[in-house]
2 protein chains.
Amino acid sequence: MQNSVDGGLRERKRAQTSEAIHVAAAELVLERGLEATTIDAVSERADVSPRTFFNYFPSKEDAVLGIDEIAVSAELDRERDYTGDPLAATFDLVYALFEASGGRHAKTALKREVLQKNPQLMTRQMLRVAELEGRLSGILAGWLADDPRFAGGTESELLEEAQVILGICLATVRVSMRRWATNSDGDPGGAPEASAPDPRRSYEQAITSLRTVLEKLS
Amino acid sequence: MQNSVDGGLRERKRAQTSEAIHVAAAELVLERGLEATTIDAVSERADVSPRTFFNYFPSKEDAVLGIDEIAVSAELDRERDYTGDPLAATFDLVYALFEASGGRHAKTALKREVLQKNPQLMTRQMLRVAELEGRLSGILAGWLADDPRFAGGTESELLEEAQVILGICLATVRVSMRRWATNSDGDPGGAPEASAPDPRRSYEQAITSLRTVLEKLS
DNA sequence: CTGCATTATTGCACGATCTGCAAGCTTGCG
DNA sequence: CGCAAGCTTGCAGATCGTGCAATAATGCAG
């Protein structure tokens with residue numbers, strides 16, 4: 001057999017191909033729009049056969065976003081510790097997922113521009129996370145069970161509460177993401193980094209933003 | 001021209017066909033599963049051509065859920081009054097949308113069973129509402145502008161807060177929907193109506209459930 | 001009732017998405 | 001080198017979804 005923690009030619013090539021397809025897809029979408037971009041065109045630019053495209057991504061949208069299903073799953077299986085703050089902990093979890101989901105790619109700016117010009121993809125990105133809801137809320141429910149404020153309920157009550165909290169965080173993150181993607185409208189290019197802040201910033205803003213709203217609601 | 005508030009043969013037939021397609025789709029999905037159900041099969045059972053299917057629903061999933069885009073849009077354009085409680089008002093709005101979305105159909109039990117056995121459709125249903133997010137949050141932002149607790153901010157701040165609140169409500173509603181769909185597991189049929197409560201109930205539970213969680217979080 | 005305008009249904013052709021399969025090529029490793 | 005495992009590719013095929021034009025059903029006015 002062979003190394004599972006490779007660094008071998010195979011693994012490097014695979015990463016290269018994946019990145020090539022992702023970049024080709026993102027660029028083409030920027031040039032022609034999402035609808036007008038076909039898998040055939042992406043494959044051609046990435047220099048692989050259309051059939052190979054599907055060996056890497058299950059759909060055009062996933063390729064554009066550069067979603068790495070394996071990395072996401074690995075991230076979910078990691079051990080995590082609970083800080084005592086359900087909101088903060090959930091935000092951290094969701095943030096880590098986004099990082100794993102597409103953060104490995106070099107072309108963050110490219111992805112941002114794509115997201116900005118194709119809001120449908122933002123929805124899809126969130127939908128993807130929503131599909132992981134089962135596993136996420138399970139993790140969160142485990143945390144809540146150790147939390148004195150939530151310890152009272154039955155298991156299913158706990159799970160529902162976890163689902164609600166998770167939903168709240170996801171909603172906040174979505175708003176935050178949208179602001180992040182929109183942030184550079186009409187950017188004159190003076191300070192290149194200032195217009196494309198670390199996504200991490202947006203998450204921190206998201207938390208405080210949510211707390212503000214919650215305070216006003218209560 | 002002709003009556004726009006019809007009751008004429010045309011309109012009745014159209015409603016019939018729509019219902020027939022919806023029921024055929026839902027039944028087939030229950031029998032064979034979502035994946036294994038093709039548009040051709042649905043069309044055949046509903047006794048229309050596959051081409052006609054697309055004159056009524058843009059996709060298989062929409063047919064299964066019986067989504068009526070026109071009714072939804074009409075519901076959105078209705079005038080609404082603001083009670084002073086953002087959460088309650090938003091819940092009402094979302095609830096009305098769900099009613100308009102699929103509530104006209106006779107076969108609520110059928111739809112419920114489909115949703116229960118195909119959780120993917122639940123996500124999709126919520127996604128559909130999420131696509132209306134722009135219009136919904138606009139309405140909500142309008143309400144917030146009249147609310148003393150929120151009146152301070154700029155227009156874009158207001159809009160973001162509206163988006164967050166909307167997201168919170170949608171998350172809660174989703175949890176509530178899931179409970180509604182799951183509610184009758186292992187139901188022995190003793191009191192038939194007790195196991196399939198009015199969805200309205202679920203929404204009321206959702207509100208209190210959310211408030212409970214918010215209280216614990218604060 | 002009859003003809004005309006509107007709208008609905010349908011078949012057909014077409015492009016795109018996605019999957020399974022088998023053949024051939026590349027890489028890993030002894 | 002030579003075998004095993006993995007990757008790429010072409011091909012066939014199912015399904016989805018849309019545009020177009022012919023045909024049929026319906027509503028209405030005369």
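The sequence lines fix the lettering, A, B, ..., with proteins before strands; numbering per chain opens at 1. Values below: every heavy atom of this structure, side chains too, minus hydrogens, waters and symmetry copies.
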Take A:Q125 and A:I67, measure what side chain to side chain contact (heavy atoms under 4.5 Å, CB included) needs, and give me the verdict at the end.
CA-CA 9 Å; A:Q125 174 109 316; A:I67 286 175; 4.0 Å; yes
Without decimals, in angstroms, what is the distance between A:E61 CD and C:dT17 P?
9 Å
Note: A:R45-A:E31 ion pair, threshold 4.0 Å (strictly below):
yes
According to salt bridge (Lys or Arg N to Asp or Glu O under 4.0 Å), who are the partners of A:D77, at least two apart in sequence or on a separate chain?
A:R135
With a 4.0 Å cut-off on N to O distance, would you call B:R174 and A:E133 a salt bridge?
yes
If I take atom CD1 in residue B:I39 and atom C1' in nucleotide C:dT10, what distance separates them, rounded to the nearest angstrom?
16 Å
Side-chain donor/acceptor of B:R10 to base of C:dA8, under 3.5 Å
no
Over how many whole Å does the gap from B:I21 atom CD1 to D:dG17 atom C1' extend?
15 Å
Residues of residues 45-56 of chain A with a heavy atom under 4.0 Å from any atom of DNA chain D, listed by number, are A:V48, A:S49, A:R51, A:T52, A:N55, A:Y56
I need the CD-P distance between A:Q16 and C:dT26, as an integer number of Å.
16 Å
Can you tell me the distance, in whole Å, between the CG atom of A:D40 and the P atom of C:dT17?
7 Å
Roughly, in whole Å, what's the span from NZ in B:K60 to C1' in D:dA14?
12 Å
Using heavy atoms to find the nearest nucleotide of DNA chain D for B:T37 and B:K13 separately, return the residue whose nucleotide is more 5′.
B:T37
Before accepting this row, confirm whether a basic side-chain N of the pair A:E75/A:R80 lies closer than 4.0 Å to the acidic partner's carboxylate O.
yes
A:R14 and A:E19 ion-paired at < 4.0 Å
no
Between A:E11 (CD) and C:dG28 (P), how many Å, whole number?
10 Å
Please report, rounded to the nearest Å, how far the P atom of D:dT8 is from the CZ atom of A:R14.
6 Å
